[in-house]
Amino acid sequence: MASVRILGRFQDAWDSDVAHSFRNSPITIVAAIALAICLIAAGFAPWLAPHNPFDLKTLNLLDALTPPAWIQGGKAMFPLGTDDQGRDLLSAIMFGSRVSLVVGLVSVFFAMLIGVSLGLLAGYAGGKTEAFIMRVADVQLSFPAILIALLISGVARAAFPGEAQDQLAIVVLVIAISLANWVQYARTVRGSTLVEKNKEYVQAARVIGIHPVAIMFKHVLPNALGPVLVLATINIATAIITEATLSFLGVGVPPTEPSLGTLIRVGNDFMFSGEWWVTVFPGSALVVMVLSVNLLGDWLRDALNPKLR
Amino acid sequence: MLAFIIRRVMQSAAVMLTVAFVAFGLFNFVGDPVASMLGQDATPDDRARLRADLGLDDPFYKQFASFVGNAVKGEFGLSLRQGRKVSTLLKERMPATLELSFTAAILALVLGIPMGVYTALRRNSWFSQVLLTISLVGVSLPTFLIGIYLILIFAVLLGWLPSFGRGDVTALGWWTTGYLTQSGLKAIILPSITLSLFVMTLVMRLVRSEMLEVLRTDYIKFARARGLTDRSVHFGHALMNTLVPVITIVGLQLGGIIAFAIITETVFQWPGMGLLFIQAVQFADIPVMAAYLCLIALIFVIINLIVDLLYYAVDPRLRIDRATTGH
């Protein structure tokens, strides 16, 4: 019986609108597969990667700038070639995607946390609190996120001495990207909170004396969360791009523990001498990752939007 | 109208003051200006004298007021890294950035609008599908990667165009222009394409969706019923009505283009303000960072103000709205 019920539930999920729109969109399926490959390659990099690019003992400078395996001079043990320090590019890309994905996901999470909390507070408290939070949001929104992130990491650079900079680089990066992106969440959540707080269930909760914080998080938040999650999906791609851009500009992840952006930055110097693979492969990995997240986000937005059915 | 203008100008001034406050905070709380100006061998007496000279012993509001006063005159002190006046540095770099941004904006409009019109009118043709797919890739690709790929194809593999710098420039007073020499024109092609791609796809998608919306309206049906030619319906009626939001968005994006020039300038080693700012961030050169921040903020605020006022002038509905809500 139990197996029938599980099967039935699977059947329900299979027949649901969301699953249906997924099956009927070949591009989305391709994007999902590409993203799954990226996630597995990044998540299991220490076990799947052919080499450990950070183990200095295994690096041999004689292997530096070996071309990809299918080009003359390439070696089978370095399928995508090596960089200037003899690191296997495929392994470096796998470890680099790990850094990129972690920074992207964590900073989206923190941006969401800050944005949702402030948005809830603004919508629920109203008055001067709301005016203050939304003015700050307005001012920040009139500048591009990348500029804000650059500024924050510049300040962090001035505030910490050289040694600590490299250790804190990833933390600073996450803080910079989160602080640069919280506004959208705050505006979205504030909008839904304004609608929800006048509904009867919230008034009922207030009448029976539930603490305002509990009302905000337990009653209002779940009803305001839908659009936020869609926004977050799309913002993962933006966060990954921001991280890569900052690292490329030289104010992000240090070369000792490179992300995709750092790898592209390093490879950029070798492009003119004909060693194109050092920058093209990490770049392509970034494109595949961002494009598949974007395509999935677009699909999710349309699939969850009842107006488009 | 006057009340609206005054209110908007006040708002802009408030934004500028906030930004100035942040810039002032950068100066005061990050690093010690006295230590960085005097070096390590200075005696405590020297320090105290310099502190007094710089007005660092004054109360907070007085310091802030003098900072704002200097900022209005364009004085941000000396660059910590280059030891030259920040205002001179910015003035030298400004023409490069503005020429690049201007070229990119024109490119985005000249190519984006026709592409948007085409994809709206021929919705199901294969070329529209190709354009839309490319535009999705254009939105997804990070700017710096587009630049790198363009350099790889057109500079390294084909060798047609230069990969860095501005080429030869001609000086017109304090303004330097790359428009007048062949190498200058060649040098601006790749950076401006890189910078405009994002806005171009934005314009194209916006024109497309606005056109599709307008083409469904009654007055278009009426225009067709009157027997007007397709040409006059599409371009005389439909396109004209889509242009207001397009101009607004492009206007607002103009500031974004100038800010995003940071990335393009780094990729192409374009000697503009963005490259100066990136170097300042890398070396924690606070005066340059603060000055760039204030300048960009000023450009943003002015653009926003102009767009708002234009919108107010162009769209009569806004005026009625304001009148009924009692502002």
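Numbers restart at 1 for each chain; the letters A, B, ... are given by sequence-line order, proteins then strands. Not measured: the values here are computed from a predicted model.
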Problem set entry | Contacting moiety of B/Ile263, where chain A heavy atoms sit under 4.5 Å | both

Exercise. So what's closer than 4.5 Å to chain A heavy atoms on B/Ala155: side chain, backbone, both or neither?
Worked result: neither

Problem set entry | Which portion of A/Ser292 sits near chain B, non-hydrogen atoms under 4.5 angstrom | neither

Seminar exercise, completed: Counting heavy-atom pairs under 4.5 angstrom with chain B, the leader among A/Leu147, A/Leu249, A/Ile240, A/Asn294 is A/Leu249

Exercise. Can you name the closest pair of heavy atoms from A/Val288 and A/Cys38 and give their distance?
Worked result: CG1-SG, 4.2 Å

Exercise. Is chain B contacted by the side chain of A/Ala237, its backbone, both, or neither, given a heavy-atom distance below 4.5 Å?
Worked result: neither

Exercise. If you count heavy-atom pairs under 4.5 Å between each of B/Tyr292, B/Phe260, B/Phe277, B/Phe144 and chain A, which one has the most?
Worked result: B/Phe144

Exercise. Looking at A/Met289 and A/Leu35, what are the two nearest heavy atoms and their distance?
Worked result: O-CD1, 4.4 Å

Exercise. Which atom pair, heavy atoms only, marks the closest approach of A/Leu246 to A/Ala149?
Worked result: CD1-CB, 3.9 Å

Seminar exercise, completed: side chain to side chain contact (heavy atoms under 4.5 Å, CB included) with B/Leu195: of B/Val267, B/Ile146, B/Ile257, B/Leu190, only one passes, and it is B/Ile257

For this session: Name the option with the most non-hydrogen atom pairs under 4.5 Å to chain B; the candidates are A/Leu295, A/Leu151, A/Val293, A/Val136.
Result: A/Leu151

Problem set entry | B/Glu265 and B/Thr97 side chains, donor-acceptor separation under 3.5 Å | yes

Exercise. With no hydrogens and no angle check, do the side chains of B/Ser209 and B/Glu213 hold a donor and an acceptor under 3.5 Å apart?
Worked result: no

Problem set entry | Side chain, backbone, both or neither of A/Arg265 within contact of chain B (heavy atoms, under 4.5 Å) | side chain

For this session: Determine the minimum heavy-atom distance between B/Gly272 and B/Arg93, stating which atoms define it.
Result: O-NH1, 2.9 Å

Exercise. Counting heavy atoms not belonging to B/Phe102, are there more than 12 under 6.0 Å from its CZ?
Worked result: no

Exercise. Using non-hydrogen atoms only, which part of A/Thr279 is less than 4.5 Å away from chain B: side chain, backbone, both, or neither?
Worked result: side chain

For this session: Would you mind telling me which of B/Leu152, B/Val15, B/Thr143 has the largest number of heavy-atom pairs within less than 4.5 Å of chain A?
Result: B/Leu152

Exercise. Under a 4.5 Å heavy-atom cut-off, does chain A meet the side chain of B/Val19, its backbone, both or neither?
Worked result: side chain

For this session: Considering only heavy atoms and a distance below 4.5 Å, find which of A/Thr242, A/Val290, A/Leu150, A/Thr238 pairs most often with chain B.
Result: A/Leu150

Exercise. What pair of heavy atoms forms the shortest contact from A/Glu243 to A/Ser100, and how long is it?
Worked result: OE1-OG, 3.3 Å

For this session: Sort B/Ile303 into side chain, backbone, both or neither according to what part of it lies under 4.5 angstrom from a heavy atom of chain A.
Result: neither

